[in-house]
There are 2 protein chains.
Amino acid sequence: MNAPDTRTAILDLAEELVRSRSFNAFSYQDLADGIGIRKASVHYHFQTKEDLGVALVERLRRQAVAWASSLMERNVSPLEKLDAYFEFQAESVSSKGMICPHGALGAEYNALPERVQESYIEFLEQIQTWLTSLLRKGQAQGVFVDNVPPEDQAALIQSAIQGALQLSRASGKQQRFYAVVKGLRDHVLRPAES
Amino acid sequence: MNAPDTRTAILDLAEELVRSRSFNAFSYQDLADGIGIRKASVHYHFQTKEDLGVALVERLRRQAVAWASSLMERNVSPLEKLDAYFEFQAESVSSKGMICPHGALGAEYNALPERVQESYIEFLEQIQTWLTSLLRKGQAQGVFVDNVPPEDQAALIQSAIQGALQLSRASGKQQRFYAVVKGLRDHVLRPAES
DNA sequence: GTCTATAGCGGGATAGAC
DNA sequence: GTCTATCCCGCTATAGAC
């Protein structure tokens with residue numbers, strides 16, 4: 001896991017710092033110290049912080065696509081896929097006070113360099129699109145409630161997950177995150193007919 | 001509305017900047033420029049940025065309590081009170097790219113000065129407590145679904161509102177916020193018996 | 001690809017005059 | 001209560017040796 005090459009090590013640490021402290025609250029010095037090199041060497045790999053931000057968000061986007069694609073290939077129900085998404089996000093809860101990347105960047109959106117903003121929007125839309133298609137499938141198969149547009153369900157899920165990670169980190173109450181997941185599950189799950 | 005005194009003007013502008021750019025992405029220079037005074041004068045009112053942060057969050061907390069109290073005194077249904085809360089948050093959506101204060105501060109929680117973190121937690125808990133008691137009343141009156149602890153409903157609502165403001169700002173799609181509110185409403189509202 | 005050294009700026013903060 | 005002036009620090013970024 002640890003640093004096949006310096007460039008990757010920088011991106012890994014940058015991701016950790018963004019998710020724990022935010023983009024504007026870490027420095028090249030932090031990266032250099034954490035990796036054991038000098039500031040100037042970090043600039044060799046990413047000339048400006050904007051470049052670094054773009055590279056990071058692009059990587060996040062590609063990883064998300066890859067994760068989602070491999071999940072979609074598995075022959076499991078939409079509900080199991082949704083649960084896999086929840087579990088993926090839940091990993092943040094227990095790790096070093098990190099929140100999800102889109103939550104971290106979303107809150108300081110106006111203070112991000114321009115090109116980072118642009119990459120970020122694409123990243124967001126990709127998650128949104130994937131979630132929507134998953135929910136649509138679930139509706140079509142009759143396991144999810146279908147009196148609501150899947151886009152709207154997706155927006156609720158993404159918003160709540162993002163907010164819940166932030167809330168449970170600050171409050172120190174991890175169960176709040178799980179309570180939210182449970183609520184979201186109930187919300188999309190078609191109630192058993194009686 | 002505009003500046004009864006300098007101290008208030010500073011707090012007003014600081015709140016706007018926190019909600020649009022985040023706490024660590026504005027400076028005393030920004031405050032001074034926006035108000036038309038000098039940096040040193042800002043330091044006269046709030047010696048350190050930590051002091052300013054604490055004062056701001058304390059004010060937000062008091063305002064939230066006052067707002068909630070006056071709402072609770074009105075003789076309207078729990079649903080109307082919940083809707084009033086949604087409408088209050090919705091004001092952010094249309095104003096200058098601002099998100100709610102707890103969302104802005106929550107995402108950079110680990111990068112906040114210590115005493116600001118502490119004030120922030122109290123602020124959060126107060127909102128949470130108020131929302132919970134409102135939801136409990138709604139359950140007791142039979143207008144909200146009651147197969148879920150009101151604490152959990154409150155966590156979902158607060159998380160989703162906070163996340164939805166961030167999401168709709170970055171995506172530029174205000175309707176995503178309203179879609180989330182609609183979803184939350186459906187989620188707590190007891191379905192009409194058939 | 002990593003280093004030392006440094007430029008240049010903006011940040012938070014203080015001293016002391018008015 | 002606001003000002004000018006200044007300090008010191010950490011930040012992003014670059015030049016140039018190894």
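In what follows, every chain begins at residue 1, and chains take the letters A, B, ... in the order their sequences are listed.
For the pair Ile35(B) CD1 and dC3(D) P, the computed distance is 11 Å after rounding to whole Å. One can place NZ of Lys39(B) at 13 Å from P of dC3(D), the figure rounded to the nearest angstrom. When the P atom of dG10(C) is taken as reference, atom CD of Gln29(A) falls 20 Å away, rounded to whole Å. If you measure from atom CG of Asp33(A) to atom P of dT12(D), you get 12 Å, rounded to the nearest angstrom. Per the geometry, CZ belonging to Phe23(B) stands 14 Å off P belonging to dG11(C), to the nearest Å. Distance Leu31(B) CG to dG11(C) C1': 13 Å, rounded to the nearest Å. Nucleotide dG10(D) holds its P atom 16 Å from the CG atom of Asn24(B), rounded to whole Å. Between the C1' atom of dA7(C) and the OH atom of Tyr28(A) lies a distance of 17 Å, rounded to the nearest Å.
Taking the six-membered ring where tryptophan is involved, the planes of Phe123(B) and His102(B) are perpendicular, since the angle between them exceeds 60° and thus also 30°. Between Trp67(B) and Trp130(B), the angle of the ring planes goes over 60°, which puts this pair in the perpendicular group of the 30/60° scheme. The aromatic rings of Tyr120(B) and Tyr109(B) sit tilted, their planes meeting at an angle between 30° and 60°.
Within residues 42-51 of chain A, the residues approaching DNA chain C are Tyr44(A), His45(A), by heavy-atom distance under 4.0 Å.
A close approach under 4.0 Å does occur between a side-chain nitrogen or oxygen of Thr6(A) and OP1 or OP2 of dT2(C).
In terms of heavy-atom proximity, Arg19(B) sits nearest to Ile99(B) at NE-O, 2.7 Å.
Arg59(A) meets the side chain to side chain donor-acceptor pair (under 3.5 Å) test with Asp12(A), Glu15(A); sequence neighbours excluded.
A salt bridge is absent between Glu108(B) and Arg21(A): the closest approach of a Lys/Arg side-chain nitrogen to an acidic carboxylate oxygen does not fall below 4.0 angstrom.
Within 4.0 Å (heavy atoms only), Ser27(B) reaches sugar-phosphate atoms of the nucleic acid but no base atom.
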